[in-house]
Amino acid sequence: DPLWSRGLGDVYKRQILDELTSKFDRYHKYTQKEQQSILNLLKMIFDDGEHEHDPNLFDQTYILCFYYKTHLVGCICAMDNFDMQKNMSDFVQRRDSMYIDYSRKGCFIYNLAVIKVMRKKGLGESLLKVLQHYLGRITDYFHVQIKVGNIGSERIFEKMGFKEHKRLNNGYYDFNIYTKNIKNEK
């Protein structure tokens, strides 16, 4: 019975989410061991063998981590636009491949990563919800870059109210910019 099995799946997802612990802080407040775990997760998820992923983790980066027992199973990063401009040494060269609304206080979300065995259990959506809860008080809008073809990420962000804004290229691949205004939600 598909309805029954869907119900069991929801129960299973809820059990997983109920067993998670989390930590939200600036990158420099994580221990060296925690920082290494974050870097290992991001490398495992994003390095495609062709281009090494630069995680762009700075002292001012906000990071939310989910742990299952003692294992890091997912994370999401964010940085306010001012800190992003200040910390990225090549920001001026990359400016055309980014989206920033300079008239408002914005926050760039990046590095949404969940280990494969924990996908399709609601972790990505939960990471995004919690991050928005923490940072929604200090920003007017969120923006994110999603590589064209990354259907899973597109679904998560669209479900959370993000709208496709425009398509850009960063020199390696095409990506869509999704934005979410939250000023009206405050």
Side-chain angles (χ1 to χ4, degrees), residues 22-32 34-47 51-67 72 74-114 123-147 150 153-154 156-158 160-173 175-183 185-186:
S22 65
K23 180 175 180 178
F24 176 74
D25 218 327
R26 298 280 189 149
Y27 182 64
H28 73 279
K29 300 247 177 143
Y30 281 84
T31 67
Q32 205 168 15
E34 290 170 328
Q35 289 178 358
Q36 190 57 54
S37 292
I38 293 166
L39 289 168
N40 290 343
L41 173 67
L42 296 175
K43 182 176 174 120
M44 179 178 59
I45 300 298
F46 293 112
D47 281 358
H51 305 101
E52 187 173 322
H53 176 70
D54 178 0
N56 289 313
L57 299 177
F58 304 100
D59 284 350
Q60 295 83 4
T61 301
Y62 292 101
I63 303 180
L64 171 64
C65 292
F66 279 179
Y67 297 90
L72 177 64
C75 72
I76 189 168
C77 303
M79 186 178 292
D80 89 18
N81 291 343
F82 175 76
D83 285 336
M84 186 171 62
Q85 292 174 54
K86 187 171 65 175
N87 286 290
M88 294 177 75
S89 59
D90 62 346
F91 180 80
V92 173
Q93 293 85 6
R94 295 173 62 183
R95 187 180 196 142
D96 290 339
S97 70
M98 303 179 94
Y99 168 78
I100 295 179
D101 179 348
Y102 292 98
S103 67
R104 302 183 296 153
K105 183 161 178 56
C107 191
F108 179 59
I109 297 174
Y110 59 107
N111 289 339
L112 173 58
V114 175
L123 269 67
E125 187 178 323
S126 294
L127 281 161
L128 184 55
K129 277 182 187 176
V130 174
L131 183 78
Q132 288 181 100
H133 170 76
Y134 282 125
L135 297 179
R137 299 175 222 152
I138 63 167
T139 192
D140 295 333
Y141 76 101
F142 291 107
H143 56 111
V144 62
Q145 298 177 175
I146 301 175
K147 188 175 181 179
N150 187 343
S153 285
E154 289 175 352
I156 289 169
F157 282 92
E158 286 172 353
M160 298 299 298
F162 283 72
K163 304 288 184 211
E164 187 175 336
H165 184 72
K166 66 179 177 179
R167 182 174 287 194
L168 294 171
N169 183 289
N170 66 2
Y172 298 111
Y173 54 83
F175 58 89
N176 291 315
I177 300 291
Y178 283 77
T179 60
K180 180 177 180 180
N181 292 318
I182 59 168
K183 190 173 190 174
E185 296 179 8
K186 291 181 181 178

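All of these numbers come straight from a predicted model, not from anything done at the bench. Side chains are part of it too, since the values below use all heavy atoms of this structure and drop only hydrogens, waters and symmetry mates. Numbers for residues simply follow the sequence, beginning at 1.
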**Report entry** Any side-chain heavy-atom pair of E154 and F162 under 4.5 Å
**Finding:** no
Query raised in the report: Do you know which two heavy atoms are closest between L39 and Y27, and how far apart they sit?
Result: CD1-OH, 3.8 Å
Query raised in the report: Given V144 and Y110, is the side chain to side chain contact (heavy atoms under 4.5 Å, CB included) satisfied, shown in steps?
Result: CA-CA 6 Å; V144 62; Y110 59 107; 5.8 Å; no
Query raised in the report: Looking at F142, does the NZ or CZ of K180 lie under 6.0 angstrom from its six-membered ring centre and within 45 degrees of the ring axis?
Result: no
**Report entry** Sub-4.5 Å side-chain heavy-atom contact between L42 and C75
**Finding:** yes
Query - Candidate pair F66 and S126, rule side chain to side chain contact (heavy atoms under 4.5 Å, CB included), full reasoning - result: CA-CA 9 Å; F66 279 179; S126 294; 3.7 Å; yes
Requested in this report: For T139 and C107, work out which heavy atoms get closest and say how close.
Outcome: OG1-N, 3.4 Å
**Report entry** Face-on cation placement of K163 at Y178 ring, 6.0 Å and 45° thresholds
**Finding:** no
Query - Minimum side-chain heavy-atom gap I138-D80 below 4.5 Å - result: no
Query - Y30-H28 aromatic ring centre distance below 6.0 Å - result: no
Query - Partner set under side-chain hydrogen bond (donor to acceptor under 3.5 Å, both in side chains) for Y62, not counting sequence neighbours - result: R26
Report task. Determine the sole option in H143, K105, R104 for which the side chain to side chain donor-acceptor pair (under 3.5 Å) test with N81 is passed. Result -> H143
Query raised in the report: What's the verdict on side chain to side chain contact (heavy atoms under 4.5 Å, CB included) for I156 and L128, showing C-alpha distance, side-chain angles and the deciding distance?
Result: CA-CA 8 Å; I156 289 169; L128 184 55; 4.0 Å; yes
Query raised in the report: Can you find a side-chain donor-acceptor pair between Q36 and N40 that sits under 3.5 Å?
Result: yes
Report task. Taking E34 for its side chain and T31 for its backbone only, find out whether a donor-acceptor pair lies under 3.5 Å. Result -> yes
Query raised in the report: So which heavy atom on N111 is nearest to which on P55, and how close?
Result: ND2-O, 2.9 Å
Query raised in the report: Quick one: are I109 and L131 in side-chain contact, heavy atoms under 4.5 Å?
Result: yes
Query raised in the report: How many angstroms lie between CG in N56 and SG in C77, if you round to the nearest 0.5 Å?
Result: 9.5 Å
Query raised in the report: Under 6.0 Å from the NZ atom of K29, do we count more than 12 heavy atoms belonging to anything else shown?
Result: no
**Report entry** side chain to side chain contact (heavy atoms under 4.5 Å, CB included) evaluation trace for I146 with F175
**Finding:** CA-CA 5 Å; I146 301 175; F175 58 89; 5.8 Å; no
Report task. Return yes if some donor-acceptor pair links the side-chain N/O of T61 with the main-chain N/O of F58 below 3.5 Å, else return no. Result -> yes
Requested in this report: Supply the atom-to-atom distance M79 CE to L57 CG, rounded to the nearest 0.5 angstrom.
Outcome: 8.0 Å
Requested in this report: Would you indicate whether the side-chain heavy atoms of D140 and N181 approach each other to under 4.5 Å?
Outcome: no
Query raised in the report: Less than 4.5 Å apart, any side-chain heavy atom of I76 and any of I63?
Result: no
**Report entry** Pairwise side-chain contact, V130 with S22, heavy-atom cut-off 4.5 Å (strictly under)
**Finding:** no
**Report entry** Residue pair F157 / N176, side-chain heavy-atom distance below 4.5 Å
**Finding:** no
Report task. To the nearest 0.5 Å, tell me how far I38 CD1 sits from C65 SG. Result -> 3.5 Å
Query raised in the report: Can the ring centroids of Y134 and F24 be said to lie less than 6.0 angstrom from one another?
Result: yes
